[in-house]
Structure formats: C-alpha cells, structure tokens
Amino acid sequence: MFFNFFTSSPKGEKLKIAKTPFLINDYQLIFPFFSYIYSMKKKQLNRRGFMQRAALTTFGTAIGMPIVFGRYLPENLIPVILEKDFPIEGKHPDLVLLNDRPVNAETPPHLLNDSITPADKFFIRNNGLPPENVNPETWTLTIDGESAKSTRSFSLAALKTEFKEYTYQLVLECGGNGRAEFNPPAKGNQWTTGAVGCAAWTGIRLADVLQAVGIKDDAVYIGYYGKDTHLSGDKNKQPISRGCPIAKALEPETLIAWSMNGEDIPLHNGYPLRLVVGGWPASCSGKWLERISIRNRIHDGPKMGGQAYRVPCEAVAPGTKVADEEMCIIESMPVKSLITYPKTGAILNARQLNINGHAWAGDLKVKRVDYSIDFGQTWQTAQLSPPANRLAWQDFSATIRFPEPGYYEVWARATDEKGKAQPMILPGWNPKGYLNNACHRIAVRVK
Amino acid sequence: MKIKVLIILSGIIIITLLACETEPSSVPLTEEENTPDTLAVPEVNEATGLVMDETFPLIIAHCTSCHSAKLITQNRATRDGWASMIDWMQATQGLWKFDDHEPQILDYLAKYYGPTESGRRENLAVEEWYEL
C-alpha cells in the first residue's frame, strides 16, 4: 500500500512531502523503530529537531513509526502527525483552536464586543469536513420527506428570486458552550465562553419554502442534510443531521441564509447555504445545506439520538450515568451574558471603569442585566438595549466605581423575561456538559 | 537500485538492533519513575502536545491518524470514561480494534488526562495582566 504523506507548512497549505515506497501494513514489522527513537531520547538528541528533519524524509522515518492498521485508513485521509496552530482562512488569528480535525474554534470574550459579530470573529463548530470546490451556480436545495406534499429542488438563483428576502440578527450558540467548566468533566470540545455569536443573516424564511412545497398535517419535525463529509472519509456516513420541531421551523425568524453581514457566509460557517435557527443549539442550524426533510416523526439523523444535544429529562446529581431513554432533546438555550469589554486582567489607574457586553435568552427576551463587584453580595443594574429584532442579543453597558484599591471580579447576571436569572455557580450537571450559563466573570485590579 | 535499498534497510536494522542492545531498559518504566512525583513535570511532545512516555507511539498510531491530538489533550476522563469514548469511536466512527494495546492506551490516558477536582466553580485564571 502506498501512502501520500502530507503535513501542514507554517502557512497552513497542505504540502506534499513524499510518496513512500514503504509497505506499511503491520505494526510488529517495524516495532524496533520504537526502541530506536527511545535510544535517541536517552542520548539527549533534540527530539523536536528529529521530528522536523524526519518530516522531510520518507514516511517510515517521518513519524518514526508506522501508522498502525494503516491499511484501514481511507485514501483521502491526511494523517494528523505534526500539530500546528495554523490560522484559519478568513478568521481572526486570536480565535482559540480547540480542534483542527474537525475544525472547532472559539472566540475570546473581548473579541465579541461588536453588536453584530463580524464574520472573522464568528466561532466554528464543525462535525465533519466542509465540502471542497463549492459551486454556487450548481448548488441545489431539495425539500422532501414523509410529510412533504411533493419533492422539489431549487437552485440558489431560484431561492433568491422566488421568495421574499429577510435579514435578521440571530444568536447562534453551541449547546456545549461552557462545557470546560463541568465537574466531573464531560467529553467533547472543551468550549469556555466563545462558542457564540450574533450576526446579521440574510436569506428567506424556511416557512415560505416549506409552504411552497406543501406541508402535510402530520408534520412533526424538519431534518437537514448538509454536504460536509464524515471524518472517516466514508461517503455513506453523515457527520451530523439534526433539525427542529415544525413549529420552530415555521417561525418568521427561521431562515435559509446565504449571507452573513452582507457578504457570502465563510466556508467554515456553511457557505453557500445554511439554516439559521436562532436561540436554539447551533447544531439545529445545518450548514452546507442541500436537503431538508419534513418528517412525520422526530428527525432521526446522526446526533439526534443517544446522548447528543440532550440533557437528563429529570435533573441528576453530578457524575450520574443516565440512560439514553431518560435524555431529552435541548430546545431553547438558557439566559446568558458575556462581558466583552474590558478584556479580563485589566489594571486600572482610575477608580472608574466602563464595561459593556451582550445578553441573550434563547427564544425569550432579556429583561435585565445586573453586575456585581463584590462576589455577588450586592448587584447594580446595567443599561440594557432592546434587541434589534426577536432572537438577537441585547447590548448592555455600565459605569463602575470601585471604592478602594485591590483585586475585583466583575460578574454579570442576565434575567430573562420570565424571571429566570443566570446562576453564579455551575447549573445542573449533565453527562455531555451542555447549557452552562453560569455568570461570566472578569478580573480587574485597581491601583 | 535494489542493492541500494537492501544496504539502507540492513543499516537501519543494525542500528535498531544496536539501539535495543545498548538501551535494554529504556522502554519499561521503573517503579520509581511511576510514582506521582514524576507527573509534576511530564515531558510533552512539542508537535502534538501529548505527554511522552513509552505509550506515546501507540497514541500517535491509534489516535492521531484520524483526529487531532487536541481532542485528547483538551479532555479529561477516568479510565472508564476514556474506554467509553474509544468504544464509541469503534462502534460508530470506523475506528479499528486496539486488541492487546488497549489496556496500555487506557493506562496512559487515565494517567495523564484524568479528571481533576474542580468543584462547582474554579478561581478565575488570568493569562496576562495589562494596564488599561
């Protein structure tokens, strides 16, 4: 078996290193290489130098070991050997890369200060690999399903001309945003606070398209299908196919969008077409959208079942094992806020500080944002703007006066229109670490 | 051409054998090295961020062929927790069986990437203080 061995160059482009004539299909065959590497280690050779030099030679020495069971590797898979924090095209270099296969990157809070999140600061949560060589001229969207009165396909041009265009500012937040704090820890990407953004999305109402095709009375759910590919390279596997109940799908703000902030959607955020289902876990908002099925049951695509995007129907103690059938699908996201100015760690020469940030509450409006500088003993109310439209986040600001020098934490706590406020410690533990809406905190030192 | 390849291959085998002979105890850890003290400053491989020990090559071979090492280094789980993640990858993601490597791999993951008690909320960690 011949391998094409790739690695990333510092600029991020894939660099073809060598086509190796080595027959690599048995781990035992090349086992002695391990001992060789460890003998080099003992002899105080610079291992990093070894790795770099090795990468430029042949496959066998490139990684110093075979790819075990390499014969199972799909041909188009690039082995991840040498990790590099390569910049993602079109994205701010200070986004924090949590995973590069699939790409998952979050935005530090101070980069989310804009009322409308710019495309380069919008987080990335991929489940698979984005499609390559996207051609918007030939892209189609098909509507089908048990509860569709017919099956119809639309070109992008048809969608743009046949239906009325709308623009809404809509919050997309990953269901697992804040997962990093859960104890016991939950597996998956360890998001801290930055898997959220609120962009201005332009497209057409999903409702208009579904109604044009015809919705049967027994419709329960919609499920999306995207053109991303599974990490394994298996073309028969989808990385993710989720959706939402028909009532949410028919809300006026639920969009089939082709534009973010007046520009094409970045590739990693779903170019050329995606769903935007504001206020719900962002996994409902399918990217690289090519098909929507109107279902007569709860959609059953990958990551709809099991424990994915679900929390225990009844609250459980931290660390409890919960059976799949006792897990319920997450719908609206909870009330939350983020202090986006200043960046944590500010040292002040003055006693006064202006802060600002955003607050959002899933399907609901935010009624109030309070802040505390004494670890939650007393709270002051911040100024809160109304949302640009339903499901947009709301800006808040305040001027803080610090009574004396010292270490402070500024805590922000939003309350939704039904009176639910953010907790100051972690909310209900759940096996997969979803829905952490504990209040955001920044550290400040006053001289 | 064939002769050249043969010479190179024999060279590699001889070097390898010599390395094995001169460092017979380089692979297994001694009891002393296994104590928690050595965990304080585990040696980290710069390219992947993974802790280097005798299991490291197995991790490279079995895990990072398909996904980023970050998926390991950013997560924390017990031995059972890691086992269930591997089971899931094997059941649904096309990962191969580890066979007799599995216990060693699980030991490695539980040792270096096990959970720490963080309570209901950790102290704020400030990466960098700056004058505003």
Side-chain angles (χ1 to χ4, degrees), chain A residues 27 32-42 47-48 51 60 63-70 72-73 77 79-83 97-102 180-181 183-185 187-190 230-232 234 237 342-349 353 409 424-426 438 441-443 445, chain B residues 5 12-13 15-20 22-23 26-27 43 45-49 52 54 57-58 60-71 74-78 81-82 84-85 88 92-98 101 115-122 124-132:
Chain A
Y27 160 69
F33 270 108
F34 293 176
S35 313
Y36 178 48
I37 291 165
Y38 281 91
S39 69
M40 289 182 72
K41 176 186 161 188
K42 288 277 173 179
R47 225 167 313 116
R48 191 184 178 206
M51 291 289 280
I63 53 171
M65 62 206 72
I67 290 192
V68 179
F69 302 122
Y72 298 129
L73 270 182
L77 205 62
V80 181
I81 305 297
L82 302 174
E83 299 264 332
L97 197 63
L98 299 179
N99 192 355
D100 45 25
R101 187 183 173 84
E181 283 194 289
N183 170 38
K187 71 167 183 171
N189 287 295
Q190 298 297 301
H230 195 269
L231 287 183
S232 65
D234 184 343
K237 272 185 179 248
K343 182 185 167 189
T344 189
I347 300 168
L348 305 181
N349 289 306
L353 175 68
E409 289 178 12
M424 284 166 267
I425 57 169
L426 290 190
R441 308 169 293 170
I442 61 166
R445 228 158 61 196
Chain B
V5 170
I12 290 172
I13 290 166
I15 290 170
T16 306
L17 290 176
L18 281 176
C20 290
T22 51
E23 302 289 341
S26 62
V27 173
E43 249 190 298
N45 171 258
E46 281 187 48
T48 60
M52 297 279 291
E54 80 284 2
L58 285 180
I60 290 290
H62 283 296
C63 309
T64 62
S65 304
C66 286
H67 63 71
S68 166
K70 287 180 165 54
L71 217 48
Q74 69 166 316
N75 271 285
R76 296 291 178 270
T78 60
W82 284 112
S84 75
M85 286 184 237
W88 174 77
T92 67
Q93 305 300 303
L95 174 62
W96 48 78
K97 294 285 177 196
F98 292 172
H101 295 150
T116 50
E117 185 54 54
S118 61
R120 204 62 190 252
R121 198 102 208 239
E122 285 193 89
L124 276 182
V126 177
E127 243 174 65
E128 177 196 16
W129 288 96
Y130 66 97
E131 298 265 350
L132 183 66

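The figures that follow rest on heavy atoms only: side chains count, while hydrogens, waters and symmetry mates do not. First the proteins, then the strands, lettered A, B, ... as listed; each starts at 1.
- Heavy atoms closer than 4.5 Å to chain B are found in the backbone of A:I442, but not in its side chain.
- Counting heavy-atom pairs closer than 4.5 Å to chain A, the top residue among B:T92, B:N75, B:V126, B:T116 is B:N75.
- Heavy-atom minimum distance, B:R76 versus A:P185: O-CG, 3.2 Å.
- Note on A:K343, A:E409, A:M424: by heavy-atom pairs under 4.5 Å with chain B, the leading option is A:K343.
- Counting heavy atoms from C-beta outward, B:E122 and A:E181 have side chains that stay 4.5 Å or more apart.
- Between B:H67 atom NE2 and B:Q93 atom CD the span is 10.0 Å, to the nearest 0.5 Å.
- For the set A:A346, A:P102, A:A180, the entry with the most heavy-atom pairs within less than 4.5 Å of chain B is A:A346.
- Taking chain B as the reference chain and counting heavy-atom pairs below 4.5 Å, the highest number among A:A438, A:P184, A:P342 is found for A:A438.
- Taken from CG in A:N183 to CZ in B:R120, the straight-line distance is 9.0 Å, to the nearest 0.5 Å.
- With a 4.5 angstrom heavy-atom cutoff, A:K187 touches chain B via backbone and side-chain atoms both.
- For CD of B:E131, the number of neighbouring non-hydrogen atoms (other residues, nucleotides, ligands) closer than 6.0 Å is greater than 12.
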